[in-house]
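Report on the following structure.
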Amino acid sequence: MNNVVVMLADQLRADCLGCYGNRIVQTPHIDQLALNGIRFESAFAQHPQCVPSRSSLITGRYPHVNGAISNHVAMAPNEVTLPEYLQEHGFFTAAIGKVHLYPLKERSSYQYTMLCGGQTSNRTTPAHLRSDYRHWLRANGYWETVCRHYANRELPAYRENFQAVVSPLPVEAYYDAWVGDRTVEFIHDQTLSGQPFYLFVGFPNPHNPFEPPEPYASMYDPADMNVPATFHSDLGGKPPQHRKYKAHGRASLGLDFNALTEDKLRRIIAHYYGSITLVDDQVGKIIRALEDTRLMNDTIVVFLADHGELLGHHGMLLKSQDAYPMLYDKSLHVPFIVSAPDVGAGPIVAPPVELVDYYPTLMDLLGIPIPPEVQGRSLAPAMRGEADNPVEFVFAESGAVKMVRGSRHKLVYYPGQPYGELYDLELDPLELRNLYDDGDHAAVRSTMIQALADRLIAMEAPRHGESSQGAAYWRRHYRLPFQPQHGQSTS
């Protein structure tokens with residue numbers, strides 16, 4: 001049976017990789033992985049925050065269904081995660097780097113962990129780092145440097161440059177390189193085990209703060225960075241939460257987006273790109289380890305991200321917050337690449353897919369039954385070039401605010417409010433013109449609201465108790481009233 005190595009970059013936009021069309025950032029190893037495997041052109045996260053997105057990925061169930069609706073809430077304890085399920089099928093499960101699940105599921109999902117924690121913007125000491133990384137930093141003489149790394153965040157330059165500073169840590173001691181090296185060690189240790197393994201590799205970057213070490217911090221010239229066409233856009237036609245976020249949504253981090261200039265944004269983008277190339281180098285290191293140990297031909301390799309980054313879109317940075325829900329494509333469109341031994345290189349999959357599809361796709365590729373409670377769908381047929389029935393709309397959410405996005409139109413619905421968002425993506429891919437109150441688009445809005453209602457009903461998936469009708473009876477129960485009964489005419 002194949003092994004699995006899934007590498008997840010934190011807060012990485014799809015359009016910031018070479019294989020997704022970026023002509024500036026250097027990502028040769030990720031690009032090669034995409035060339036050798038299958039690249040999903042239009043993959044969307046189910047939530048623009050870490051915990052909900054990762055919980056959806058690992059359960060195959062939507063955030064409002066599994067319970068992880070925010071970074072501040074864990075999934076329900078009776079949810080069954082992908083690695084928990086794989087343990088039942090003889091896999092050894094491991095996680096290295098940043099997991100960002102709450103302790104209960106972190107412990108039950110992974111039999112081995114080597115954790116560092118993730119990037120944070122408002123910590124001025126490294127006390128929050130996970131013990132594995134802290135102990136390694138101390139043992140290898142980097143503790144004073146990492147303390148200075150965090151203390152530098154109290155300097156005015158940290159806020160003035162919108163967190164785009166240079167880490168004093170050498171590359172080998174920086175989060176992502178540490179994750180890459182520990183992953184290589186783990187892979188080499190598996191050569192004699194004989195047990196299939198599932199390895200989750202969580203890179204903390206390119207999540208803010210934008211503070212890569214050298215040489216990555218100077219790898220890209222800010223003058224060469226492109227300011228988004230939407231940077232100076234007017235938010236007057238947007239829901240009030242967008243304007244409030246831009247005005248004071250990240251005041252707790254010392255960020256005033258009204259003071260964000262084009263020059264400062266170019267520096268941020270250069271650092272963001274440097275962090276991406278740093279992650280790409282670790283991907284190359286891990287692929288080489290799989291090749292050197294002759295495990296590559298027996299391993300499914302996945303690269304993806306949990307959500308994107310605004311990166312100057314509409315003059316803002318970072319992502320949606322609980323009080324300021326925003327579901328722009330820039331924070332939901334993520335890379336999703338799969339290289340599987342039994343599939344090989346194939347065409348780019350263009351139709352939209354969702355991260356909830358990751359779980360059932362992996363089970364399909366491994367030849368393991370897909371649990372009935374999983375809501376995503378297997379993408380293995382599309383990967384093999386077989387006839388597929390793609391979803392008409394992808395879904396995402398941020399609290400009560402819900403989104404459905406089709407090939408042309410996108411609706412973001414704010415329940416109980418007189419406002420909302422509606423975009424014609426064919427004419428307005430940057431989501432500049434909100435058509436929600438446009439009379440000429442009233443029929444489109446009505447159709448999209450009905451599509452959202454249908455989708456929400458279809459994705460209801462309670463974990464019920466004992467059932468005389470079998471597991472996940474809700475699937476059949478919801479269809480029964482609309483199916484012809486025995487002896488009933490269909491006319």
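Residues: numbered from 1 along the sequence shown.
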Tyr328 and His242: side chain donor to acceptor below 3.5 Å
yes

Return the orientation label for the Tyr324 and His248 ring planes: parallel under 30°, perpendicular over 60°, tilted otherwise.
perpendicular

Minimum heavy-atom distance between Tyr273 and Cys16, given as atom pair plus value
CE1-SG, 3.9 Å

Is it the case that atom CD in Glu460 sees more than 12 heavy atoms from other parts of the structure closer than 6.0 Å?
yes

Centre-to-centre under 6.0 Å for Phe197 and Phe186, is that the case here?
yes

Side chain to side chain donor-acceptor pair (under 3.5 Å) pairs touching residues 387-398, sequence neighbours excluded, are His64-Glu397, Ser320-Ser398, Arg377-Asp388, Glu397-Lys402

Are more than 12 heavy atoms from other residues, nucleotides or ligands located less than 6.0 Å from atom NE2 of His128?
yes

Closest non-hydrogen atoms of Asn434 and Gly420, given as atom of the first, atom of the second and distance, are ND2-O, 2.9 Å

Check each of His207, Lys319, Gln11 against Glu309 using the side chain to side chain donor-acceptor pair (under 3.5 Å) test, and report the only one that passes.
Gln11

Please lay out, stage by stage, how Asp438 and Arg433 fare under the test salt bridge (Lys or Arg N to Asp or Glu O under 4.0 Å).
CA-CA 10 Å; Asp438 187 324; Arg433 186 185 175 201; 3.0 Å; yes

Would you indicate whether the side-chain heavy atoms of Gln46 and Gln375 approach each other to under 4.5 Å?
no

Tell me, with the steps shown, if Glu84 and Lys105 meet salt bridge (Lys or Arg N to Asp or Glu O under 4.0 Å).
CA-CA 9 Å; Glu84 287 175 325; Lys105 286 301 179 181; 3.3 Å; yes

Can you list, pair by pair, the side-chain donor-acceptor contacts under 3.5 Å of residues 332-351, counting residues two or more places apart and other chains?
unit_1	atom_1	unit_2	atom_2	d
His333	NE2	Glu41	O	2.8

